[in-house]
Amino acid sequence: MYKIAFDVMGSDLGPKIAVQAAIKFLATKKDLIIVFVGDKNQIEAAINETGNVSTTQYEIFPTTEFIDMHGSILDVKRKKDASLVRALELVQTKKVDGMLTGGHSGAFLAGSHFILGELDGIIRPGFMPTFPTMVKDRVTLFLDAGANNDNTPEDLHNYAKLASTYSKTVLGVKKPEIGLLNVGTEKGKGRELQKLTEKLLDEDKHLNFKGNIEAREMLTGTVDIMVTDGFTGNVALKAMEGTSKILLSAIKANVMKSFMAKIGALFMKNVFKEVKTTFDYKEHAGAILIGANGIVFKAHGSNDIQGFVSTLRMTYDAVQNDVLNKMKKEMAIK
């Protein structure tokens, strides 16, 4: 049996949605136990309301505190019994195989550093979400998506190594193709960071480095892994998310303007549905903190049930495939 700790307290919508998502996911995984970490009374109320879950498939780890979205990274030290802190401690003591939270990002990063530490050779872990692409059944791993404001070429080189291992282990990609996010595809482009990173990636013959990639190709499926520094990655990620939302809103608004447009949209209903399913962020609504000494995932704080189910699935896949130990072996290769 695998065990995953779930900090259900810190997300925007409270523990009820998180518990409902976990129970839904447990119905598909008979080899999994979820440890709900948080306020016992609220967790039990959510379980009783949702029902349809075996008592052998969950445990409750009660806590008296939690860190909400208005909290601080200092709360990791001040709130010793916070659900986020306790969930990370369960990973550190190996009482669970992995954890996830929808809570405060800064506190999650600080807690991971102080409680778990990093893999050998890693100084700055990075957030690695998964992007859907235009290529059927191909996703792109993207990192760092905002765990750091500053990175070194060595950081990005390590991200490529860890992401390549993750892609092989969890996604089953035999020889993951790696791209470096840059302002152009030609060699030698970008700032000093990109130039030095390109050199490191190009010289590492263990990696399948394909060169520089522009931001316009983030969803095209050109590569399996796209690496960048955390500041650039976070800006690119939010720009892409914002553009997607505006585009969908614009299409909907224009469809509603005329009767003929509504008729046309009716004929295109299946097409719209397929596109929405492919690019629905709720199907990829989480990111692993890659480089941390534990399998730890951050879910969107605003996740609904589907979003949390998605992040639970990602956490389960990483645990089941023993990705942490395989990344440790990768970092041991000089």
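Sequence positions, counted from 1, serve as the residue numbers for this chain. Being a predicted model, the structure only gives us computed values, none of them experimental.
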Asker: Do Phe61 and Phe36 come within less than 4.5 Å of each other through their side chains, counting heavy atoms only?
Answerer: no
Asker: Could you pull out the closest heavy-atom pair between Pro132 and Leu219, with the gap in Å?
Answerer: O-CD2, 3.3 Å
Asker: Dump the intermediate steps for side-chain hydrogen bond (donor to acceptor under 3.5 Å, both in side chains) on Lys238 and Asn234, then the final yes or no.
Answerer: CA-CA 6 Å; Lys238 289 177 179 176; Asn234 192 257; 3.1 Å; yes
Asker: Ser164 vs Lys168, test: side chain to side chain contact (heavy atoms under 4.5 Å, CB included). Steps then yes/no.
Answerer: CA-CA 6 Å; Ser164 185; Lys168 293 174 186 175; 3.7 Å; yes
Asker: Please give me the minimum heavy-atom distance between Ile34 and Ala22, naming the atom from each residue.
Answerer: CD1-CB, 3.7 Å
Asker: Does a sphere of radius 6.0 Å around CE in Met1 hold more than 12 heavy atoms from other residues, nucleotides or ligands, not counting ones at 6.0 Å or beyond?
Answerer: yes
Asker: Looking at Leu181 and Gln194, what are the two nearest heavy atoms and their distance?
Answerer: O-CG, 4.1 Å
Asker: What distance separates His104 NE2 from Asp7 CG, expressed to the nearest 0.5 Å?
Answerer: 12.5 Å
Asker: Which heavy atom in Leu116 sits nearest to a heavy atom in Gly294, and how many Å separate them?
Answerer: CD1-CA, 4.4 Å
Asker: I need the Thr133 OG1 to Met218 CE distance, nearest 0.5 Å.
Answerer: 12.5 Å
Asker: Could you walk me through whether Tyr58 and Val35 pass the side chain to side chain contact (heavy atoms under 4.5 Å, CB included) check?
Answerer: CA-CA 6 Å; Tyr58 74 87; Val35 180; over 6 Å; no
Asker: Would you check if there is a donor-acceptor pair between the side chains of Asp81 and Thr64 at a distance under 3.5 Å?
Answerer: yes
Asker: Closer than 4.0 angstrom, basic N to acidic O: yes or no for Asp155 and Arg124?
Answerer: yes
Asker: Would you call the rings of Phe127 and Phe108 parallel, tilted or perpendicular, taking 30° and 60° as the class edges?
Answerer: parallel
Asker: Just verifying a value: how many Å separate Asn325 CG and Glu330 CD, rounded to the nearest 0.5 Å?
Answerer: 13.5 Å
Asker: Could you tell me whether the side chain of Arg138 reaches within less than 4.5 Å of the side chain of Asp224, counting heavy atoms only?
Answerer: yes
Asker: So, applying side chain to side chain contact (heavy atoms under 4.5 Å, CB included) with Met128, which one of Leu162, Ile288, Ile225 is it?
Answerer: Ile288
Asker: Kindly give the heavy-atom pair with the smallest separation between Asn321 and Thr169, and that separation in Å.
Answerer: O-CG2, 3.2 Å
Asker: Walk me through it: do Thr311 and Tyr316 pass the test side chain to side chain contact (heavy atoms under 4.5 Å, CB included)?
Answerer: CA-CA 9 Å; Thr311 312; Tyr316 173 85; over 6 Å; no
Asker: Phe131 vs Phe142 aromatic rings, parallel, tilted or perpendicular, using cut-offs 30° and 60°?
Answerer: parallel
Asker: Is atom CD1 of Ile60 surrounded by more than 12 heavy atoms (other residues, nucleotides or ligands) closer than 6.0 Å?
Answerer: yes
Asker: Charged N to carboxylate O under 4.0 angstrom, Glu59 versus Lys3?
Answerer: yes
Asker: Has the side chain of Asn48 got a donor or acceptor atom that lies under 3.5 Å from a matching backbone atom of Glu44?
Answerer: yes
Asker: More than 12 non-hydrogen atoms from neighbouring residues, nucleotides or ligands closer than 6.0 Å to CG on Asp150, yes or no?
Answerer: no
Asker: Are Val139 and Val173 co-members of a hydrophobic cluster defined by side-chain heavy atoms under 4.5 Å apart?
Answerer: yes
Asker: Looking only at heavy atoms, what is the nearest atom pair of Ile123 and Pro125, with distance?
Answerer: O-CD, 3.7 Å
Asker: Supply the atom-to-atom distance Ser72 OG to Lys77 NZ, rounded to the nearest 0.5 angstrom.
Answerer: 12.5 Å
Asker: Could you tell me whether the side chain of Met69 reaches within less than 4.5 Å of the side chain of Asp12, counting heavy atoms only?
Answerer: yes
Asker: Can you check whether Leu119's main-chain N or O pairs, donor with acceptor, with Asn293's side chain at less than 3.5 Å?
Answerer: no
Asker: Main chain of Val319, side chain of Asp97: is a donor-acceptor contact present, judged purely on distance under 3.5 Å?
Answerer: no
Asker: Measure the shortest side-chain to side-chain distance between Phe209 and Asp204 over non-hydrogen atoms and say whether it is less than 4.5 angstrom.
Answerer: no
Asker: With rounding to the nearest 0.5 angstrom, report the CD1 to OH distance, Ile295 to Tyr166.
Answerer: 8.5 Å
Asker: Rounded at 0.5 Å granularity, tell me how far CG in Leu193 sits from OG1 in Thr228.
Answerer: 7.5 Å
Asker: Would you say the side-chain atoms of Lys16 pair up with the backbone N or O of Ile47, donor to acceptor, closer than 3.5 Å?
Answerer: no
Asker: Report the residues that fulfil side chain to side chain contact (heavy atoms under 4.5 Å, CB included) with His113, sequence neighbours left out, ordered by chain and then residue number.
Answerer: Glu118
Asker: Looking at Glu89 and Arg86, is any side-chain nitrogen of the basic one under 4.0 Å from a carboxylate oxygen of the acidic one?
Answerer: yes
Asker: Can you check whether Glu154's main-chain N or O pairs, donor with acceptor, with Asn158's side chain at less than 3.5 Å?
Answerer: yes
Asker: For the residue pair Ile178 and Lys210, establish whether any side-chain heavy-atom pair is separated by less than 4.5 Å.
Answerer: no
Asker: Quick one, Asp144 and Asp229 - any side-chain contact, counting heavy atoms below 4.5 Å?
Answerer: no
Asker: Between Asp202 and Lys187 (salt bridge meaning N to carboxylate O under 4.0 Å), is one present in this structure?
Answerer: yes
Asker: Does the gap between the ring centers of Phe308 and Phe25 come in under 6.0 Å?
Answerer: no
Asker: For Lys189 and Glu198, what are the C-alpha separation, side-chain angles and deciding distance, and is it a side chain to side chain contact (heavy atoms under 4.5 Å, CB included)?
Answerer: CA-CA 9 Å; Lys189 295 288 285 189; Glu198 181 188 3; over 6 Å; no
Asker: Report whether Leu88 and Ile122 are members of the same hydrophobic cluster (ILVMFWY, side-chain heavy atoms less than 4.5 Å apart, transitive linking).
Answerer: no
Asker: Any side-chain to backbone donor/acceptor pair from Thr220 onto Glu217? Under 3.5 Å, distance only.
Answerer: yes
Asker: Quick one: does Lys24's side chain have a donor or acceptor within less than 3.5 Å of a partner on Ile305's backbone?
Answerer: no
Asker: Is there a chain of hydrophobic side chains (I, L, V, M, F, W, Y, each step under 4.5 Å between heavy atoms) that links Leu26 to Phe297?
Answerer: yes
Asker: Identify whether Val37 and Val296 are in the same connected component of the hydrophobic contact network (ILVMFWY, side-chain heavy atoms under 4.5 Å).
Answerer: yes
Asker: Taking the side chain as everything from C-beta on, heavy atoms only, tell me whether Met99 gets closer than 4.5 Å to Leu90.
Answerer: no
Asker: Do Ser83 and Glu65 make a side-chain contact, defined as non-hydrogen atoms from C-beta onward lying under 4.5 Å apart?
Answerer: no
Asker: Are the side chain of Asp39 and the backbone of Gln42 linked by a donor-acceptor contact shorter than 3.5 Å?
Answerer: yes
Asker: Assigning hydrophobic clusters by single linkage (Ile, Leu, Val, Met, Phe, Trp, Tyr; side-chain heavy-atom cutoff under 4.5 Å), is Met331 placed with Val170?
Answerer: yes
Asker: Judged by atom type as modelled, is there a donor-acceptor pair below 3.5 Å linking the side chain of Asn212 to the main-chain atoms of Glu186?
Answerer: yes
Asker: Any salt bridge linking Glu203 with Lys199? Criterion: basic side-chain nitrogen under 4.0 Å from a carboxylate oxygen.
Answerer: yes
